[in-house]
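Before any comments, here is the structure.
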Amino acid sequence: MFGGLWQDVRYGARILLKSPAYTAIAVAVLALSIGANTAVFSAVNTLLLRPLPLKDLDRLVLNQVLREGFDPYESSLLELQAFQQRSHSFVSIGAARQRSFNLIGRGEPERIRGASIAADYLTTLGVKPILGRSFSGQEDQPGGAAVALISYSFWQKHFGGNASAVGETLNLERRSYTIVGVMPQGFDLPAAADIWVPLQVNIDSVPLNERAAFGYEIVARLRPGISLEQADAESKSIARQLEQEFPQLRRGWTVTLIWLRQALLGDYAGRVNKALVALMGGVGFLLLICCANVANLQLARGIGRTRELALRRALGASRSRLVRQLLTESTLLALLGGIGGLLLAHWIVPLLAAINPIQGISLADYFRNFNIDGRVLIFALCVTLATGILFGLVPALKSAGEREVMPSLRQGDQHSASAPGHGWLNILIVAEIAVAMTLLVGGALFVRSFNRLQHVDLGFRPDRLLTLKMILQESKYSEHRQRVAFVDQVVERVKNLPGVLSAGTTTNIPLEREITYDAVFSVEGRPPPNPKDVPITANRLVSPDYLKTVGVTLIKGRLINETDRAGRPPIVVISEELARQAWPGKDPLGKRIKRVRPGQDFPWMTVIGVIKDVKEDLFNYRINRPVWYVPYAQVENNFPVNLVVRTSGDPASLTTAIREAIHAVDPDQSISNVMTMNENLARVLVTERFSAILMSVLAASGLLLAALGLYGVMAYSVSRRTTEIGVRVALGARRLHVLRLILGQGAKLTLLGTAIGLAAAWGLTRLLVSLLFEVNASDPVTFVSISLLLISVGLIACFLPTRRALSVDPMIALRAE
Amino acid sequence: MNSTELIATEQTNASNGNGAAPLIRLSGVTKVFLTDEVETHALSGIHLDIREGEYVSIAGPSGCGKTTLLSILGLLDTPSGGSYALKGNEVANLSFAERARVRNREIGFIFQSFNLIGDLSVFENVELPLTYRGMSASDRKALVTEALERVGMAHRAKHLPSQLSGGQQQRVAVARALAGRPAILLADEPTGNLDSRNGEAVMNLLGELHQGGATICMVTHDERFAQHADRTVHLFDGRIVEDRMAA
Ligand SMILES: Nc1ncnc2c1ncn2[C@@H]1O[C@H](COP(=O)(O)OP(=O)(O)OP(=O)(O)O)[C@@H](O)[C@H]1O
Ligand SMILES: [Mg+2]
């Protein structure tokens, strides 16, 4: 058995070496598609499959509170306690609250991402410190010791990886914390944290308002045998109880559970998952095209080898023996293609990682590392073997399967255009064109959708804007007027820098990937018609020049100016969408609106201006959410302060000058997230960009392969039909007739493939609906233009063979023996 | 030798000289093939007239230029020198499309290897040259049926060439050649791929066509078949060495 196999392998290798051009083309085509498959699978592997430094990740869920029909918020202690007391779906529940610390005393003042965590947080995730210990129950009680855990990278950076770090102290927010442990390498949950401190709250003693305040991330580990759906259903029923118990706080709210892995990708809408599935479908299609292509090459060659194979059968080789021989040959070819594909993937994978498709920021070391690991290798091997069988089977059965031996032996005597396998060439090429069509339509829809998303009206002008974030230390700026004074001074200094056109501050930069602040509002004289309806707006507290600086479009009234200070009548500038929701069909100018929050009283604010909608909210990018802008000075708050500077030249060149201006006001002030607005925006559409780029590359490759395939089939057909064409010309066929003959054949194949592809695309693109933005999945423009593109490319592919056909010398009719 | 040839040609002309222009007139036709800087003089100084209704056979040893001569007569190839008038019209300056038109209307080819198109039925094969004329379907049908009946293959109209014997295939090829009522039938070794019985049948068919008034020019090796013609032109080394009327 193995002896026979070895013989087959040796013979196969000899056959492949005998036609090096054929072998090279087939290997290149195979390498291209196996490489593409492997590369995309490495992304899928990294993002969806590979283990992360968390125990049994596939049992971990994230709990999010949301308004029906809205994107998720974070959770609160209210939900945490309710789940702890009432839920039966979880083994353990943990909570963390993102915070950032000003670290002083270790080099330049630095803002460090961190979190306050309940002790259960780490046990729920299944993570233990690699050095030292975790927090004790005592330390997590109110008034417990000031202790901290540090990340591996923080440990490396600040302590050089020295074990003596445990026991050292850190000066955070002017308080001294003792380091009790170092977390494992790569672990940085939640939100790229470097420092963890105990939460130290007793939920029962927290006032209800604070208990209901969002800002907590609740993770839970599912009990064995409980599915996500079951847990989600139970959680929703608990949310309904909360809604009844605390209507003033939770009316209209519910919760949802999503897999932690999905949350870590920043993929609250589940688009990454779908996009990756679509991409896998895309590369799978490319593989099909490639298989059809190579199968056609094999077939065309197999027809040439018909005599050899018939002879072998005449000499007593069984049919299965011949099939095995031919399959060995194709597997050998596929293995060569597989090796080429792996090399190609090795080169593509870093490119994929560079156009990073995810919005999450945690575990970057894991999610940004699209390397080729064992799983990817196994996948590549399976794809390779499947490919070998897939493209080898039809030619093998076809070539070895002729029942009669004699006709094949006599075949050489016949001057006839039809030969066994000829019909298969056509079937395969039609299939190839159909698949390419589907792929192209998918790619075009993704690109159009991405294009629409990119050209969405942001409501401001992002060019030449520099942004940076400052967290004011509570200890230093305990009163709001101190913060206002700081902001005023910084803006004043920055405004006067050369190259600066204007400057302002806001509490959230539009579309940034940070905690964003919203507010529930109430309209004077208009209680919401539906008591369940709790209207929400994005809440931005801005300095006088901010709106002018980012370049919003004023529709009516005026923008905030220097006169709108503390003590002056409270005012607000609202977006069109807020105007529409609050005063539908009426003029909002002069009307009053206010923030509502249980236990707190906010003043009525008079609307002084309406501006065009601004995209403020990363996760609501696809819709227009209401937003209001309130003078920073008029509302007591300790939100982060983001400086936004419009420059006349390259904004990045002013970074140093702006830093100096800030440090001139407060040398201890930490500065972070220094970037241009465009850099910030580049992160908004990462998933869409990733799928648009990849899908169009795949579609282009598919088109190229299909065109090559069509060219091959047509060239082969013309070469087979040379005598026939000569006879036709001898009989008086003119150029037009020959042109019609060949182009007609090509056009028939192309049109049939396009038609089948249209039908397939029509069905399949429906699955893309949730990924598309303002583009219909059966968008007629896309379907028509892609059909035209494919048909033109098909005709171009027929051009050379047609030219060859036109130059056939009719003498061949006389000379052919 | 040169003088004999000339005389022979003139004799032919004289013997047929009834004043009207011949169907075909070749004067001083030469054909030189250039391959790898080697010149092959396939034809030199060919003078040949063929009149309407004649049945000419061209004979000679292998490589003497028979096929080359036929290809020039059939406008498949152009002479290197000399002139060729068909029905009194010079064909040297015809365009590609005009040559195709002339081939299609005036010439009927019968090939040694039949050259039927395997994907087309017998009927469609015979119809093919007519379709290049842009003739209406009903006219085509009439001509094709007539031609097939003529060669006795009407009952096989729907068959594919691969379902026919060699002799039958060649009869279909003859039908294809005569369906369009060409001025002349050109046949290159029409019996070359046939056994003697089938060969005889095809030769009888050509004889009948000739009786019916067709002009035929046929290349053949076979002395016995050459007898069917009423005039035999002998080529040797690209020259006409004998031009003899049958007794
Ligand atoms: N395309 C060509 N290129 C070069 N030489 C050619 C070409 N066609 C024919 N010849 C040469 O011209 C001469 C005449 O060839 P032709 O085919 O006319 O001979 P033939 O009389 O038909 O021979 P046969 O009886 O074997 O068919 C031969 O020497 C041949 O080698
Ligand atoms: Mg010849």
Side-chain angles (χ1 to χ4, degrees), chain A residues 303 306 402 404 406-423 425-426 713 716-742 744-745 748-749 803 805-817, chain B residues 31 33 66-78 95-120 125-134 160-163 166 169 173 176-177 179-180 182 186-189 192-193 219:
Chain A
I303 294 168
T306 316
E402 292 303 315
E404 304 288 330
M406 268 322 285
S408 302
L409 281 176
R410 264 182 24 192
Q411 200 66 52
D413 308 335
Q414 297 250 329
H415 291 276
S416 154
S418 50
H422 202 78
L425 290 183
N426 291 343
V713 165
Y716 176 73
S717 155
V718 166
S719 77
R720 280 192 63 79
R721 295 176 79 175
T722 309
T723 310
E724 178 197 329
I725 295 163
V727 170
R728 284 170 181 266
V729 175
L731 296 179
R734 271 169 281 149
R735 280 168 180 279
L736 184 70
H737 298 122
V738 177
L739 199 75
R740 231 190 260 155
L741 181 72
I742 304 302
Q745 185 194 353
K748 223 188 284 170
L749 297 174
R803 234 179 50 171
L806 283 176
S807 66
V808 166
D809 184 352
M811 276 304 292
I812 200 168
L814 279 176
R815 302 258 178 223
E817 292 297 305
Chain B
K31 179 71 189 179
F33 289 110
K66 305 182 295 291
T67 298
T68 309
L69 177 59
L70 205 70
S71 70
I72 287 173
L73 289 177
L75 273 73
L76 295 178
D77 212 344
T78 46
S95 69
F96 185 94
E98 287 163 337
R99 293 166 68 83
R101 205 185 108 90
V102 172
R103 278 200 300 274
N104 184 248
R105 290 177 181 256
E106 310 293 358
I107 292 162
F109 281 107
I110 301 160
F111 305 99
Q112 175 176 352
S113 47
F114 325 145
N115 279 338
L116 296 179
I117 289 163
D119 290 334
L120 302 183
N125 263 289
V126 176
E127 189 185 28
L128 191 61
L130 305 179
T131 59
Y132 295 143
R133 280 187 204 182
L160 286 176
S162 56
Q163 295 165 324
Q169 287 192 37
R176 179 175 67 185
L186 299 179
D188 192 355
E189 312 255 11
N193 282 9
V219 167

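Chain A is the first sequence line, chain B the second, and so forth, proteins listed ahead of strands; every chain is numbered from 1.
- Heavy atoms closer than 4.5 Å to chain A are found in the side chain of B:L120, but not in its backbone.
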Report the C-alpha separation of B:E189 and B:L70 in whole Å, then their side-chain angles, then the decisive distance to 0.1 Å, and conclude whether the side chain to side chain contact (heavy atoms under 4.5 Å, CB included) test is met. CA-CA 11 Å; B:E189 312 255 11; B:L70 205 70; over 6 Å; no
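- Residue B:R99: no heavy atom, backbone or side chain, is found under 4.5 Å from chain A.
- For the residue pair B:V126 and B:A179, the shortest heavy atom distance occurs at CG1-CB, 3.8 Å.
- A:R728 has its side chain within reach of B:I117: a pair of non-hydrogen atoms, C-beta onward, lies under 4.5 Å apart.
- There is no side-chain donor-acceptor pair under 3.5 Å between B:Q112 and B:D188.
- Both the backbone and the side chain of B:T68 come within contact range of chain A, each with at least one heavy atom under 4.5 Å from a heavy atom of that chain.
- Residue B:F114: no heavy atom, backbone or side chain, is found under 4.5 Å from chain A.
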